[in-house]
Amino acid sequence: MSSPVEAAALTATAASAAIARGELSPAELTEHMLARIEATEPCLNAYATVTADRARARAAALAGEPARGPLHGLPIGIKDLIDTAGVPTGYGSPLFTGHVPERDASAVARLREAGVVILGKHTTHELAWGGRTDSPFFGPTHNPYRRGRIPGGSSGGSAASVAAGSCLGALGSDTAGSVRIPAALSGCVGFKPTRGRVPLDGVLPLAPSLDHLGVLARTVDDAALLTTALAAPAPADLPAKPRVGWLGGWFDAVLAPEVREALAATRSRLEEHGLRVDDVVVPGEPLMPQALLSRIAHEAGAFHRRAFERNPELFGPDIAELMRMAPPTADQVEAHEAAIRRLTGALRRALASCDVLACATVPVVAPPIGAMTLTAGNQEWPVEFVLTRLTSPFNAAGLPAVSVPVTLAGGLPVGLQLAGAAMRDEVVLHVARTVERLTPPLPPPVVPTTPKERTS
């Protein structure tokens with residue numbers, strides 16, 4: 001594991017097996033990851049806090065204990081939206097500078113009990129309210145495949161770190177795609193289980209009606225491994241020949257040419273290997289994703305209103321603009337909620353005739369840091385509308401969904417999203433493994449390891 005390529009390619013599953021065989025100790029693995037963090041952080045800015053001393057002490061203690069299971073001794077990161085006892089947790093905001101929770105979030109406690117080593121807290125978009133992870137206060141997090149591009153968000157630090165090999169997995173949150181979007185743009189796997197399977201206590205809310213927790217990892221097996229510690233099993237009969245419903249129409253309408261080409265090649269590869277792939281078109285919803293983002297603005301705005309009125313200077317300009325928006329009228333709320341109901345209902349009905357639905361995770365490859373609008377489908381859109389367009393419906397429906405990297409387009413990753421019916425998480429992961437097996441792995445990113453000045 002001495003070279004950057006080896007570091008970026010190391011999987012949690014392989015490390016777990018090596019620890020179980022006695023070929024690798026938690027302390028050795030933790031030192032390797034801490035060295036990787038030190039080498040890559042000047043370029044990436046993926047960690048808000050690195051807890052090196054705590055990680056070393058934890059790894060040494062675990063080395064003297066009986067194995068707790070397959071996660072024993074695996075070094076991971078936790079999104080800086082999720083409480084960790086005794087560790088600074090700032091939620092990506094200067095509002096919470098110096099905040100140190102007294103208790104772990106339940107999800108963190110479950111991971112600790114399973115034997116993980118926590119390396120630190122990964123950067124997040126301010127208050128998790130955005131898909132870019134480009135803080136005006138703490139500097140942007142960079143895409144591991146190309147400095148100057150966003151990693152996605154709001155779990156952007158987690159995705160960048162996983163892809164760059166400075167952790168073996170991460171716990172993130174997902175309200176409109178915040179696990180899957182950065183996984184797709186940064187070239188790793190992001191999995192959001194069925195809503196309710198992973199507890200949310202100890203996580204700063206964004207939009208409680210949409211919030212989920214999820215995991216980021218190098219491979220589908222790694223994502224499944226992390227999930228086993230977080231949620232009770234959701235058993236399901238795994239189809240021998242999965243039926244894949246390929247979403248077209250509204251889900252296909254604004255794909256960038258390079259993403260469309262990559263997805264078409266992926267579909268052809270699946271069909272060549274015997275998977276049944278059928279076209280599925282659900283009615284278009286012109287009010288989406290605006291409807292979901294409006295709901296988030298309402299719920300998040302209510303949660304942060306008092307703090308904003310006291311200290312508006314501690315909110316970045318894009319969040320401040322959202323806080324100052326006029327609330328939607330009753331008619332607008334009803335129109336938005338009706339659009340959400342129609343689209344989520346159509347997705348559930350489509351899943352009655354297939355095992356998973358498939359589409360691009362994000363319609364574009366990683367945009368430049370600072371881009372606030374994007375052209376998609378011959379129209380100029382706010383960047384968040386584009387990033388969340390294809391992921392947010394599955395939050396509204398509460399369905400399990402995963403993003404799997406399938407190729408590089410112009411040197412930047414493209415992700416395929418798969419979603420299944422509620423509590424059919426294992427089926428989603430099963431099909432994702434098939435896609436992963438049939439897809440050539442991405443070359444690991446070559447992250448510069450010489451210090452560079454961080455831009456803001």
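Shortest non-hydrogen contact noted between V259 and A360 is CG1-CB, 4.0 Å.
Using a 4.0 Å cut-off between charged nitrogen and carboxylate oxygen, R295 and E337 count as a salt-bridge pair. A salt bridge links R433 with D221; the closest basic N to acidic carboxylate O contact falls under 4.0 Å. Checked for salt-bridge contact, R110 and D104 miss the test: no charged N lies under 4.0 Å from a carboxylate O. Ion pairing of D237 with R424 is absent here, as no side-chain N (NZ or NE/NH1/NH2) approaches a carboxylate O to less than 4.0 Å. Using a cut-off of 4.0 Å between Lys/Arg side-chain N and Asp/Glu carboxylate O, D211 and R195 are scored as not salt-bridged. Salt bridge present: R243 and D355 bring a charged side-chain N and a carboxylate O closer than 4.0 Å.
Residues forming a side-chain contact (heavy atoms from CB on, under 4.5 Å) with P382 (at least two apart in sequence, or on another chain): F385.
A 6.0 Å sphere centred on CZ of R103 holds no more than 12 heavy atoms belonging to other residues, nucleotides or ligands.
A donor-acceptor contact under 3.5 angstrom links the side chains of K79 and S155, judged on distance only.
The aromatic rings of F315 and H304 stand perpendicular to each other, their planes meeting at an angle above 60°, with 30° marking the opposite boundary.
Residue T133 holds its OG1 atom at 11.5 Å from NE2 of H122, rounded to the nearest 0.5 Å.
Of the possible donor and acceptor atoms, none in the side chain of T124 sits under 3.5 Å from a partner among the backbone N and O of G92.
You'll find the side chain of Y91 reaches within 4.5 Å of the side chain of H99, heavy atoms only.
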